[in-house]
2 protein chains.
Amino acid sequence: MDNKIKRLKEKGIVLTIQRMAVLDMLHNCSNHPTVEEIHKKLLKKYPTLSLATVYNTLEMLKQAGEIQELNIGKEKRFESLLESHHHFYCLVCERIIDLEIACPTFKAGEIDGHKIESMQAIFYGTCADCREKGKDNA
Amino acid sequence: MDNKIKRLKEKGIVLTIQRMAVLDMLHNCSNHPTVEEIHKKLLKKYPTLSLATVYNTLEMLKQAGEIQELNIGKEKRFESLLESHHHFYCLVCERIIDLEIACPTFKAGEIDGHKIESMQAIFYGTCADCREKGKDNA
DNA sequence: ATTTCTGGTTATAATGTTTATTAGGTTAGA
DNA sequence: TCTAACCTAATAAACATTATAACCAGAAAT
């Protein structure tokens with residue numbers, strides 16, 4: 001927890017209350033909230049927090065490598081970056097589920113001469129819960 | 001080429017000039033154009049083509065499984081669906097490069113009980129050209 | 001051939017997300 | 001304390017996308 005702060009300070013990033021709030025919220029969050037959801041939730045504790053600040057902070061934390069941005073639906077979603085993992089998007093219930101799988105191409109660090117720095121894989125289909133309930137998409 | 005038409009007709013989709021134009025354009029297109037780019041290019045040949053029609057047509061073709069939507073930058077991008085492949089996004093020159101790799105998880109068709117219908121993997125990094133030119137992002 | 005109906009296209013308005021701007025406030029260092 | 005740099009808040013603006021309504025074309029039926 002404090003190594004996050006240390007890392008950011010080393011990058012010359014000023015740690016304001018607003019930034020810490022966003023970072024903490026994402027860290028204690030198991031789902032993948034949109035910007036609007038993050039803002040709405042933090043407003044309860046910090047009623048003056050501006051939406052623009054949330055956007056700025058998320059962009060900065062992303063640049064600093066502390067959080068990850070997901071391009072799944074129309075709205076961008078964010079999550080704290082723990083370790084490399086991927087996502088399953090259920091076409092039925094629209095949930096996003098974390099997947100603990102490894103990609104051999106990513107591990108190689110390179111493909112066709114292109115240097116890989118990060119990757120993001122999204123699987124689409126019907127999640128186990130929806131299959132059980134017979135809501136199969138087929 | 002005519003099997004595309006046949007497939008769409010079998011799905012009960014009316015093949016208008018506008019829809020054919022979008023489909024043909026994507027088929028003869030090696031890059032991954034945005035909606036705006038598709039519209040602008042087709043306007044040269046069909047000056048009255050509406051942007052809304054392009055949106056509608058792309059959505060329909062996507063539903064019909066004839067084209068694929070990419071969520072890479074801010075704007076959605078589209079490409080004709082040839083075979084399953086993935087993408088490399090160069091953080092330096094912002095190009096999108098097709099990758100001919102296979103994902104073992106996708107091949108399995110299932111992960112953690114979730115049924116996989118499609119997937120999309122995006123690798124981020126520095127492409128071979130930019131590495132050669134010394135524009136490495138590091 | 002004319003009418004009617006269905007569905008597509010166009011043009012435009014509306015929505016919603018994201019970015020830019022500006023003014024004011026806060027922090028860190030001299 | 002003073003200053004400079006930076007952050008925040010509020011608002012406006014830009015941009016992509018969707019919804020709406022009027023118009024039009026082609027097919028089916030009379």
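Order of the sequence lines sets the chain letters (A, B, ...), proteins ahead of strands, with each chain counted from 1.
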Using only atom types and a distance under 3.5 Å, with no angle test, would you say the side chain of [X] pairs donor to acceptor with the backbone of [Y]?
{"X": "B:Arg77", "Y": "B:Leu70", "value": "no"}
{"X": "A:His39", "Y": "A:Leu49", "value": "yes"}
{"X": "A:His114", "Y": "B:Ala128", "value": "yes"}
{"X": "A:Lys62", "Y": "A:Glu69", "value": "no"}

Who else is in A:Ile101's hydrophobic cluster (ILVMFWY, side-chain heavy atoms under 4.5 Å, direct or via others)? A:Phe88, A:Ile97, A:Leu99, A:Phe123, B:Phe106, B:Ile111, B:Ile116, B:Met119

Rounded distance in Å - [atom1] ([X]) to [atom2] ([N]):
{"X": "A:Glu59", "N": "C:dA20", "atom1": "CD", "atom2": "P", "value": "10 Å"}
{"X": "A:Ile13", "N": "C:dA28", "atom1": "CD1", "atom2": "P", "value": "15 Å"}
{"X": "A:Glu36", "N": "C:dT18", "atom1": "CD", "atom2": "C1'", "value": "11 Å"}
{"X": "A:Asn56", "N": "C:dA20", "atom1": "CG", "atom2": "P", "value": "10 Å"}
{"X": "A:Gln63", "N": "C:dT19", "atom1": "CD", "atom2": "P", "value": "11 Å"}
{"X": "A:Phe78", "N": "C:dT17", "atom1": "CZ", "atom2": "P", "value": "13 Å"}
{"X": "B:Leu51", "N": "C:dT10", "atom1": "CG", "atom2": "C1'", "value": "11 Å"}
{"X": "B:Leu42", "N": "C:dT9", "atom1": "CG", "atom2": "P", "value": "13 Å"}

Heavy-atom check, side chain of A:Ile72 versus side chain of B:Asn71, under 4.5 Å: no

The first and last nucleotides of DNA chain D lying within contact of chain A, meaning any atom under 4.0 Å from one of its heavy atoms, run from D:dC7 to D:dA10

When you match A:Thr57 and B:Glu75 each to their closest nucleotide on DNA chain D, which lands nearer the 5' end? A:Thr57

Applying a 4.0 Å non-hydrogen cut-off, can you work out what B:Thr34 is touching in the nucleic acid: base, sugar-phosphate, or nothing? nothing

A:Thr16 near the nucleic acid: base, sugar-phosphate alone, or nothing, with a heavy-atom cut-off under 4.0 Å? sugar-phosphate

Starting at the 5' end of DNA chain C and moving along, which residue's nearest nucleotide shows up first, B:Lys74 or B:Leu49? B:Leu49

With a 4.0 Å cutoff (strictly under), does any side-chain N or O of A:Tyr55 reach OP1 or OP2 of C:dT19? no

Using only side-chain N and O atoms of B:Thr53, determine if any of them is under 4.0 Å from OP1 or OP2 of C:dT10. yes

From the candidates C:dT12, C:dG8, C:dT17, the one with an atom nearest any side-chain atom of B:Ala52 is C:dT12

Given the rule that I, L, V, M, F, W and Y join up when any side-chain heavy atoms are under 4.5 Å apart, are A:Met20 and A:Leu8 in one cluster? yes

